[in-house]
Amino acid sequence: MASNQNDTKERKLEYFYQLNSVMPLFRIASVSILIIMGVLVIDILNIPSLLFEKAPEQLIQIVFVSVVMLAVLWMLEHSYFQAFTLKTVTHIDAAIICLFTSSLILRIIYSIIVPNSAFKSKGTLIIMIVALCMIVFRVHRCKCKQNLNEHLYDLKDILNNNFTVLNDEPILLSEKDVDYDLLDRSTTINQLYSTIINFRSERSFVIALCGEWGSGKTTIINNVKRLINENNREAVVIDDFDPWIFGTRDALLLSMYDKILQKTGIKYSVLKSKRIASCLKQTFGDIGNTITKSKEIGSLFKELTSPNSSSDQITTIKAELTMYLNSLNKPIVFIIDNIDRAEADNILFLFKLIGTIFDLPNILYILSYDSNRVKELINNTAKIHPKYIEKIVQQEIQIPSAPKEHLAAVYQICTQNILQRYGIDFMSNRIYTEVCNVLCSDGNENIRNFKRLVNSVYSNVLPSCKRLDTATLFSLEAIRFIVPELYEQIRTNQEYFISRDTILSEEKIRINYYNREQFNKKGKAYYDQLSDKYSRYLPILSLLFPYASRYIRHEELMPQYSYDSDSFNSKYPIYSAKFFDLYFSYGSNEFSIICESVENMIASINNSEKKKARTILKKYINEIDTNWQREWFETLQLYTDEILDSRKYALTKAIWWQLDSIDNGLEFMMLSAHQRALIIIAILIKQMKAEEVSDFYRKLGNKYQWVLLISDLIYWMEVDNKHSTSDNKWIDDLRTIYANMCNKIIEEKVHLYDSAYYRYKNIYGILRFFCGEKNTIDDREVCKQYIQNTFLDEYVYRLLADCITTSRSGNVYGYTIQADSDLLQFVDKIRIDEAIQQRPPRSDIEKIVLNLYQEYCVTGHDVENQYYSSTPLKFKL
């Protein structure tokens, strides 16, 4: 309750503070007094009654209505009604305060001083109450104490981890001046402070605090002011003079005089200051031959030396100010910051003023500027020699460069704290450290640049980076901010940065793979040039691009055999043609949409019951076009580590049960979606608990329709085997299950073409077991005898379909029967022909199978891509 009362009080106080800035309270009081005087004069002279007596009643009504309508229209035209609802203090508020004040005083006058004025007293009371209600409404409406800077932090807040992030909101750093030291500038601060407190002189003393933009000049000044306020309160500090806001010399001079008069308590009026300024304007010009060689020198000195000239008045005024400032016996610190922002003429004029007119006792000037910038501006004016400044400035303090180790520590701690707020581990990727190191390199020591980097890069990338790799995008945007020309080099020279999925990229990049030696020569020359200009940034590039990494290691950019790009561990690798453009456009494509689909699927399985895994997987597979299934499962393989251990068995079973609906079309040099799904199962088996693997194997052991899938699974487990004891055990156990199954099929004469066990090409599970390179002639004979004995005429199309091989080129599928098909070698052609005569094809798919077989019989060799289809054929025969 007390807190709410305090907030209300603060809100009211803030309201009146803002009201005073819109219209000073003394002016509001003056206007109120004028209103009261006007009302009393009108009342005493009885002007309304005289008008009403002489004017016709209808005329009065017409005039009254017209005035009211004109007033309403005028307020509508100038949006006064809308201004009344604004959430900021305006002149409307000043008018309401004037109305309330004048009605309150008139109420007192009519109630106490003037007798027999009950009607007037009630009228003023009504007006006063209405005005008071309007004031209450405006105070509540303005809500002056708003937390506008709630998410605008200072660098010290970030360094001390004293900030929060809500709903992935951006972290923004303020550029406000501070009075603490993060860059270990205590020596400079103490030197400047010591000079100030020990300063007493009959003349002024000028200290120049020089440093580049953002080097910490204002921070040093603020620290000195803090020390003065804490330890030496007698000193008078003038720190609110900004020369760069003045457009004319007159305004600059007048403001400088006013500051000295106001801060020191000299009771000169502003009007007298203006007379001083007028006098100075008449007589002050370029002083002395050492300053300029202007033709006006003669007339200038004639004016200054002529009797009774206005310069005598200046001498008198300066003498009076000198006597008064001597009597104060206090150091006066006149701080002028950001001089280099002013126009060149104003800078020149300011130095002249300090060296002549404002050369007053006990005044110590602290001028803050970039010396190179000021010299450049003065040179451009061609009115004065830059060395003239040396006659004005008695002491020059150069801002020392902050120790790089100290800067690196500040940047790394701040970056670590920001990343932590967004759930990112700073140590998870070395690239964050490299970016911080670059910020401390030569030319990048400016701490203000780091603040801008946080506002421009951190706040843009970290909250919004959902589809791309955060570390990659973070470093790339940092490069764009720090060295934009290198960013453009990367964007426009893709052939030297894209090293994966090049088949999807431009033709000139694909050609590289057919001219490896030529590319390595050109690539090395390119990186040599890049190293000459941007060597400091190569460590960052080496963490993003395999080519850059190999260049640093003095290896061929494109070795004959290398798969080390996989070691970069990025789900959205920028060196892939799939995602390269996205890091520059922030857009999306089919590949990023697939990644998002996989991420959503895994999140759904992780957050759902185990038994729902199969339904969830089926839903996502059905949503993906068949042509994109290979890419989808290839992406899923990259995400297997994000699947919860408690859900890996459920997903393994779900994939296994969905294998029939997964595309098995082969592309050149690429695995099919079906093969990739089996690889994922092989990976998950090695990550499952022992009891889960055993349970899964038990379910496979008596399912003869899975004999081929088990054979495929063994192959992929062997390929992915890391030769650990547990992995070998699971492979050996699966081999045992497979061997037992194949032997039982032969011994028990299980008919694999029977509908109970039939699956497309499931017969090859037997062929692999008995007809491999290590098998004997007897094994092959056993297999041949089994196929001949189990072959029935009604299953002829199933057998022929198993002889068809499928290929894929883009979105087109091709089907053919190869001449060296093992299966056709085990069955007599005459028997197949007889079976076809007895059972002609009944469906379109059986007709396609028959046509392919007949072409095979005619040519006697492979009929490459004899049949084409834009969709994969389903051999459900």
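Remember, predicted model here, so these are calculated numbers, not experimental data.
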Minimum heavy-atom distance [X]-[Y], with the two atoms named:
| X | Y | answer |
| --- | --- | --- |
| Leu582 | Leu468 | O-CD1, 3.5 Å |
| Asn429 | Ala471 | ND2-CB, 3.4 Å |
| Cys210 | Glu396 | SG-CG, 3.7 Å |
| Val438 | Ile482 | CG1-CD1, 4.1 Å |
| Pro546 | Ser499 | CG-OG, 3.5 Å |
| Asp337 | Ser368 | OD1-OG, 2.8 Å |

Rounded distance (nearest 0.5 Å) linking atom [atom1] of [X] with atom [atom2] of [Y]:
| X | Y | atom1 | atom2 | result |
| --- | --- | --- | --- | --- |
| Ile602 | Glu599 | CD1 | CD | 7.5 Å |
| Ser604 | Ile616 | OG | CD1 | 5.5 Å |
| Ser456 | Glu477 | OG | CD | 9.5 Å |
| Ile683 | Ile643 | CD1 | CD1 | 9.5 Å |
| Thr635 | Trp628 | OG1 | CH2 | 10.0 Å |
| Ile490 | Ile574 | CD1 | CD1 | 7.0 Å |

Assert yes or no for the condition that the ring centre distance of [X] to [Y] is strictly below 6.0 Å.
| X | Y | result |
| --- | --- | --- |
| Tyr575 | Phe579 | no |
| Tyr551 | Phe545 | no |
| Phe591 | Tyr572 | no |

Checking the side chain of [X] only, and the main-chain atoms of [Y] only, is there a donor and an acceptor separated by less than 3.5 Å?
| X | Y | result |
| --- | --- | --- |
| Thr640 | Gln637 | yes |
| Asn160 | Asn162 | no |
| Asn417 | Ile413 | yes |
| Asn606 | Leu644 | yes |
| Asn589 | Ser592 | yes |
| Ser531 | Asp528 | no |

Is the Tyr547 ring parallel, tilted or perpendicular to the Phe519 ring (thresholds 30°, 60°)?
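Correct class here is tilted.
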Should the ring pair Phe584 and Phe580 be called parallel, tilted or perpendicular, given that the plane angle runs from 0 to 90° and is split at 30 and 60?
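Taking Phe580 first and then Phe584, their aromatic rings sit tilted (interplane angle of 30° to 60°).
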For the residue pair [Y] / [X], report whether a side-chain donor-acceptor contact shorter than 3.5 Å exists.
| X | Y | value |
| --- | --- | --- |
| Asn223 | Arg226 | yes |
| Asn627 | Asp625 | yes |
| Arg676 | Ser672 | no |
| Glu631 | Gln629 | no |

Stepwise side chain to side chain contact (heavy atoms under 4.5 Å, CB included) check, Lys533 with Gln529:
CA-CA 7 Å; Lys533 292 183 179 180; Gln529 295 178 358; over 6 Å; no
Is there side-chain contact between [X] and [Y], with at least one heavy-atom pair below 4.5 Å?
| X | Y | answer |
| --- | --- | --- |
| Ile158 | Phe450 | no |
| Arg536 | Val483 | no |
| Met601 | Leu636 | yes |
| Leu367 | Ile207 | no |
| Tyr432 | Ser475 | no |
| Val454 | Cys414 | no |
| Asp469 | Pro573 | no |
| Ile479 | Leu541 | yes |

Checking Ile621, Leu671, Ile624 against Phe633 for side-chain contact (heavy atoms from CB on, under 4.5 Å), the one that qualifies is Ile621
side-chain hydrogen bond (donor to acceptor under 3.5 Å, both in side chains) partner of Gln489, chosen from Tyr534, Tyr496, Tyr526:
Tyr526
Picking from Arg550, Lys524, Arg516, what satisfies side-chain hydrogen bond (donor to acceptor under 3.5 Å, both in side chains) with Glu556?
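It is Arg516, the one option of Arg550, Lys524, Arg516 that forms the side-chain hydrogen bond (donor to acceptor under 3.5 Å, both in side chains) with Glu556.
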For the pair Gln687 and Asp641, evaluate side chain to side chain contact (heavy atoms under 4.5 Å, CB included) and give the outcome as yes or no after the intermediate values.
CA-CA 9 Å; Gln687 298 175 356; Asp641 290 339; 3.8 Å; yes
Between Glu623 and Lys619, does at least one N-O distance fall below 4.0 Å, as a salt bridge requires?
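Result for this pair is yes, salt bridge flagged.
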Salt bridge between Glu590 and Lys578, side-chain N to carboxylate O under 4.0 Å?
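Looking at Glu590 and Lys578, the cut-off is not met.
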Under the salt bridge (Lys or Arg N to Asp or Glu O under 4.0 Å) definition, can you give me all pairs with a residue in residues 409-419, not counting sequence neighbours?
none
Evaluate Ile336 against Ile366 for side chain to side chain contact (heavy atoms under 4.5 Å, CB included), listing each step before the verdict.
CA-CA 6 Å; Ile336 308 179; Ile366 300 178; over 6 Å; no
Are Arg421 and Phe163 in a cation-pi setup, meaning NZ or CZ lies under 6.0 angstrom from the ring centre and within 45 degrees of the ring axis?
yes
Just jot down the side chain to side chain donor-acceptor pair (under 3.5 Å) partners of Asn600, sequence neighbours excluded, or say none.
none
Would you please test Thr415 and Gln412 for side chain to side chain contact (heavy atoms under 4.5 Å, CB included) and show each step?
CA-CA 5 Å; Thr415 302; Gln412 288 193 15; 5.7 Å; no
